[in-house]
Participant: 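Here you go, one structure.
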Amino acid sequence: MDQSLFHLLDQDQDLFQRKWTLVNGPVIVGAGPSGLATAACLREQGVPFVVLERAECIASLWQKRTYDRLKLHLPKQFCQLPKLPFPEDFPEYPTKKQFIEYLESYANHFDVNPKFNECVQSASYDETSGFWRVKTVSNKVEFEYICRWLVVATGENAECVVPNIEGLAEFGGEVIHACEYKSGEKFQGQKVLVVGCGNSGMELSVDLCNHNASPSMVVRSSVHVLPREVFGKSTFEIAVSMMKWLPLWFVDKLMLILAWLVLGDTEKYGLKRPSVGPLELKNTQGKTPVLDIGALEKIKSGDINVVPGIKRFSYKQVELINGEKLDIDAVVLATGYRSNVPSWLQEGDFFCKNGFPKAPFPHGWKGNGGLYAVGFTRRGLSGAASDAIRIAQDIGKLWNDETKQHKKIAIACQRRCISQF
Ligand SMILES: Cc1cc2nc3c(=O)[nH]c(=O)nc-3n(C[C@H](O)[C@H](O)[C@H](O)COP(=O)(O)OP(=O)(O)OC[C@H]3O[C@@H](n4cnc5c(N)ncnc54)[C@H](O)[C@@H]3O)c2cc1C
Ligand SMILES: NC(=O)C1=CN([C@@H]2O[C@H](COP(=O)(O)OP(=O)(O)OC[C@H]3O[C@@H](n4cnc5c(N)ncnc54)[C@H](OP(=O)(O)O)[C@@H]3O)[C@@H](O)[C@H]2O)C=CC1
Ligand SMILES: O=C(O)C(=O)Cc1c[nH]c2ccccc12
């Protein structure tokens with residue numbers, strides 16, 4: 001055993017109570033697209049790894065916490081993971097079911113077998129030994145993994161944001177977060193308040209209309225709505241192509257002109273635009289523009305009722321900041337997600353309090369002491385794919401160097417033993 005590990009064992013009696021594993025290679029926390037992509041790239045280089053996943057399946061965000069009608073909203077070439085493209089017969093915008101099928105076959109193809117139902121409780125770096133200690137709990141049993149490299153792949157959407165709005169506890173009707181919403185079927189005939197107007201709020205409002213419910217959607221500040229396509233071509237793709245030649249601010253201006261030509265003036269319908277352009281806002285604050293797939297039409301027709309911010313809830317009612325009171329049967333909180341990294345990673349240099357790396361893109365993938373982050377660049381699946389490639393290359397090189405050194409030491413020891421006989 002590596003001498004430095006004795007130091008770890010000496011200082012912690014607890015370790016003997018827990019089941020512990022010395023991992024040859026990195027531990028990857030999270031088996032979503034980011035964790036799977038990193039694992040696949042490591043597999044290609046022959047580097048062993050362990051993937052820890054709190055759920056009982058891969059891609060739990062997609063399998064457990066998204067609604068039925070969900071489709072990828074960027075064209076498929078921007079959503080595939082490294083080294084294995086989507087099947088050719090997939091449509092331009094794969095459905096959630098197709099995306100999950102792809103991820104399952106991706107994990108099988110690269111022989112990625114995560115340890116399921118293992119929620120990472122803490123991870124800390126031991127300076128003296130240069131090892132990470134990753135503690136998990138599974139069915140009340142504690143496990144510990146000791147490794148040289150730690151890859152954080154728990155995602156930008158690890159936990160739901162549930163705002164504390166006055167009176168919500170007294171509301172009396174059903175209150176769910178968007179991550180629990182599957183379909184509008186059970187809301188048929190009901191008046192539903194959708195809080196939030198990001199992609200979730202907009203798409204759930206459309207789904208509610210399609211199931212004969214009456215949604216009112218809260219827009220408390222501002223939102224950029226862009227058409228998903230312009231003259232049959234993906235708006236996102238157009239923006240990516242233009243950014244090769246033009247500065248971001250200029251592409252933003254062109255996007256807003258295109259949006260105005262296709263959608264008209266959205267402010268007329270209560271959808272005030274932010275003062276910062278859509279791509280700059282995504283890059284600087286992580287706020288994703290809405291790619292419209294039919295919500296705007298339903299807003300224009302009045303099927304989706306746009307309302308301002310909330311003052312307070314009372315029994316089966318909401319009071320808005322303009323003093324208006326609405327009778328409602330249910331509330332869907334489409335109020336977004338957050339990272340959970342600060343709750344388990346005991347580290348203060350690399351990650352901010354908000355659970356995202358401190359260093360701006362493209363520097364936020366590698367920290368000190370063998371720490372890595374994949375999927376935190378606010379660039380969706382394509383951002384996660386490029387992080388994964390970089391991280392696997394970096395770890396691959398270090399792992400190969402260390403493995404060669406260990407082999408040399410082993411051979412030297414063997415020679416010494418032989419010469420002593
Ligand atoms: C509704 C929705 C639609 C989206 N659509 C698109 C799209 O079309 N295109 C696009 O590019 N992006 C899209 N995104 C962005 C999304 O972030 C990515 O699609 C993708 O899921 C990110 O992958 P990830 O692996 O980084 O995170 P996740 O998919 O969230 O995976 C993280 C995994 O880590 C696990 N985990 C978390 N904490 C722990 C812990 N403490 N211990 C162990 N395991 C843990 C989770 O259970 C989860 O399985 C969408 C997001 C949402 C919410
Ligand atoms: N088809 C697809 O591919 C889809 C992709 N997604 C992606 O998932 C990610 C998360 O999206 P989403 O779930 O929409 O979350 P977002 O973070 O994008 O949006 C949250 C919304 O909730 C509002 N909000 C938060 N708190 C309150 C409050 N107290 N009162 C009123 N409004 C509030 C925010 O308003 P404010 O701006 O004022 O803070 C904002 O409008 C995004 O990256 C998105 O693109 C989501 C759905 C579908
Ligand atoms: O859907 C998401 O959450 C994404 O992050 C995808 C995405 C990455 N960059 C963008 C820019 C504009 C719209 C969506 C995205």
Side-chain angles (χ1 to χ4, degrees), residues 28-38 51-55 57-67 69-76 78-79 93-94 96 99 103 114-123 134 136-137 152-165 177-179 194-204 217-224 226 228 235-236 239-240 255 274 278-279 281-283 285-291 293 308-310 333-341 343-345 374-385 387:
I28 300 169
V29 186
S34 298
L36 295 177
T38 311
V51 183
L52 303 173
E53 168 56 53
R54 66 178 171 183
C57 59
I58 61 156
S60 70
L61 174 69
W62 286 86
Q63 305 222 45
K64 306 243 162 216
R65 298 192 287 137
T66 49
Y67 47 93
R69 60 164 283 140
L70 176 64
K71 284 184 182 171
L72 294 177
H73 68 172
L74 303 185
K76 61 179 177 178
F78 297 104
C79 297
Y93 299 98
K96 148 170 144 169
F99 187 53
L103 293 175
K115 291 185 181 292
F116 292 119
N117 298 308
E118 280 207 46
C119 186
V120 172
Q121 306 289 307
S122 73
V134 185
T136 70
V137 173
V152 177
T154 45
E156 299 171 349
N157 306 304
E159 311 294 333
C160 302
V161 169
V162 177
N164 187 7
I165 307 175
H177 189 273
C179 73
V194 177
V195 185
C197 58
N199 280 296
S200 298
M202 293 275 182
E203 291 190 20
L204 299 192
M217 184 177 71
V218 175
V219 182
R220 71 165 173 187
S221 58
S222 55
V223 58
H224 275 301
L226 303 176
R228 189 180 67 173
T235 312
F236 182 81
V240 170
M255 287 293 114
L279 298 173
L281 196 65
K282 174 78 177 156
N283 278 354
Q285 291 169 44
K287 202 170 159 183
T288 319
V290 167
L291 292 174
I293 50 139
I310 298 165
L333 298 169
T335 42
Y337 299 85
R338 63 179 168 81
S339 159
N340 67 7
V341 175
S343 71
W344 59 270
L345 185 66
V374 50
F376 290 92
T377 59
R378 292 167 165 142
R379 279 165 174 75
L381 292 156
S382 61
D387 287 343

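All residue numbers in this chain count up from 1 along the given sequence. Ligands are counted one by one from 1 in listed order, and the atoms in each one are counted from 1 as well.
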Participant: For atom 2 (C) of ligand 3, what is the nearest protein heavy atom, given as residue, atom name and distance?
Facilitator: H73 NE2, 3.7 Å
Participant: Do L70 and W62 make a side-chain contact, defined as non-hydrogen atoms from C-beta onward lying under 4.5 Å apart?
Facilitator: yes
Participant: Who's closest to atom 40 (C) of ligand 2 heavy-atom-wise, of S200, P308, C197, G309?
Facilitator: C197
Participant: Nearest protein heavy atom to atom 11 (C) of ligand 3, by residue and atom, and its distance?
Facilitator: F236 CE1, 3.5 Å
Participant: Which ligand 1 atoms, with their elements, are less than 4.0 angstrom from a heavy-atom of C119?
Facilitator: 41 (N), 42 (N)
Participant: Starting from atom 5 (O) of ligand 3, locate the nearest protein heavy atom and write down its residue, its atom name and how far away it is, to 0.1 Å.
Facilitator: K282 NZ, 3.0 Å
Participant: Heavy atom under 4.0 Å from ligand 3: found in L74's side chain, backbone, both, or neither?
Facilitator: side chain
Participant: Taking atom 32 (N) of ligand 2 as the point of reference, which of E156, H73, R220 owns the nearest heavy atom?
Facilitator: R220
Participant: Around atom 11 (O) of ligand 1, find the nearest protein heavy atom and jot down its residue, atom name and distance.
Facilitator: L381 N, 2.7 Å
Participant: Indicate yes or no: does an N/O atom of K287 lie under 3.5 Å from an N/O atom of ligand 2?
Facilitator: yes
Participant: When you check the gap from the basic side-chain N to the acidic O, do K282 and E156 get nearer than 4.0 Å?
Facilitator: no
Participant: For the side chain of E53 and the backbone of P114, is there at least one donor-acceptor N/O pair under 3.5 Å apart?
Facilitator: no
Participant: Ignoring hydrogens, just give me the one of K96, K115, H73 whose non-hydrogen atom is nearest atom 8 (O) of ligand 1.
Facilitator: H73
Participant: Starting from atom 1 (N) of ligand 2, find the nearest protein heavy-atom neighbour and note its residue, name and distance.
Facilitator: K71 O, 2.9 Å
Participant: Nearest protein heavy-atom contact for atom 14 (C) of ligand 3: which residue, which atom, what distance?
Facilitator: T288 CG2, 3.4 Å
Participant: Is P33 in polar range of ligand 1, meaning some N or O pair under 3.5 Å apart?
Facilitator: yes
Participant: Considering only protein heavy atoms, which is closest to atom 9 (C) of ligand 2, and at what distance to one decimal place?
Facilitator: N157 OD1, 4.3 Å
Participant: Should one rank G336, P163, G196, A178 by closest heavy-atom distance to atom 23 (C) of ligand 2, which comes out on top?
Facilitator: G196
Participant: Can you tell me which residue and heavy atom of the protein come closest to atom 38 (O) of ligand 2, and the distance to 0.1 Å?
Facilitator: S221 OG, 2.4 Å
Participant: Does any N or O atom in V120 lie less than 3.5 angstrom from one in ligand 1, N or O only?
Facilitator: yes
Participant: Are any non-hydrogen side-chain atoms of N199 and H73 less than 4.5 angstrom apart?
Facilitator: yes
Participant: When you measure from the heavy atoms of Y67 to every atom of ligand 2, does any distance fall below 4.0 Å?
Facilitator: yes
Participant: Side chain or backbone, does S200 bring an N or O within less than 3.5 Å of an N or O on ligand 1?
Facilitator: no
Participant: Check each of L74, T335, T288 against atom 24 (N) of ligand 2 and report the one with the nearest heavy atom.
Facilitator: T335
Participant: Check whether T136 reaches the backbone of C119 with its side chain - one donor and one acceptor, N or O, closer than 3.5 Å.
Facilitator: no
Participant: Kindly confirm or rule out an N or O of N199 lying under 3.5 angstrom from an N or O of ligand 2.
Facilitator: yes
Participant: For a 4.5 angstrom cut-off between non-hydrogen side-chain atoms, does H177 reach T335?
Facilitator: yes
Participant: Say whether S60, considering both its backbone and side-chain N or O atoms, lies within less than 3.5 Å of an N or O atom on ligand 1.
Facilitator: yes
Participant: For atom 24 (P) of ligand 1, what is the nearest protein heavy atom, given as residue, atom name and distance?
Facilitator: S34 OG, 3.3 Å
Participant: Check whether any heavy atom of E118 sits under 4.0 Å from an atom of ligand 1.
Facilitator: yes
Participant: Does at least one non-hydrogen atom of L70 fall below 4.0 angstrom from an atom of ligand 2?
Facilitator: yes
Participant: Heavy atom to atom 15 (C) of ligand 1, shortest distance: which of V51, T66, L72, N157 holds it?
Facilitator: N157
Participant: Is it true that A153 lies under 4.0 Å from ligand 1, counting heavy atoms only?
Facilitator: yes
Participant: Could you find the nearest protein heavy atom to atom 35 (C) of ligand 1 and give me its residue, atom name and distance?
Facilitator: E53 OE1, 3.3 Å
Participant: Is it the case that ligand 2 has an N or O less than 3.5 angstrom from some N or O of K282?
Facilitator: no
Participant: Could you find the nearest protein heavy atom to atom 18 (O) of ligand 2 and give me its residue, atom name and distance?
Facilitator: G198 CA, 4.1 Å
Participant: Determine, using heavy atoms of F376 and all atoms of ligand 1, whether some pair is separated by less than 4.0 Å.
Facilitator: no
Participant: With a 4.5 Å cut-off on side-chain heavy atoms, are H224 and T288 touching?
Facilitator: no
Participant: Polar contacts were defined as any N/O atom of the residue lying under 3.5 Å from an N/O atom of the ligand; does this apply to N340 and ligand 1?
Facilitator: yes
Participant: Which residue and non-hydrogen atom of the protein lie closest to atom 36 (N) of ligand 1, and at what distance in Å?
Facilitator: R54 NE, 3.6 Å
Participant: Number the atoms of ligand 1 from 1 as they appear, then name those within less than 4.0 Å of a heavy atom of W62, with their elements.
Facilitator: 3 (C), 4 (C), 5 (N), 6 (C), 19 (O), 20 (C), 21 (O)
Participant: Measuring only between side-chain heavy atoms, which start at C-beta, is T38 closer than 4.5 Å to V51?
Facilitator: no
Participant: Atom 27 (O) of ligand 1: which protein heavy atom is closest, and how many Å away?
Facilitator: G155 CA, 3.5 Å
Participant: Using a 6.0 Å distance limit plus a 45 degree cone around the ring axis, check whether R65 lies over the aromatic ring of Y337.
Facilitator: no
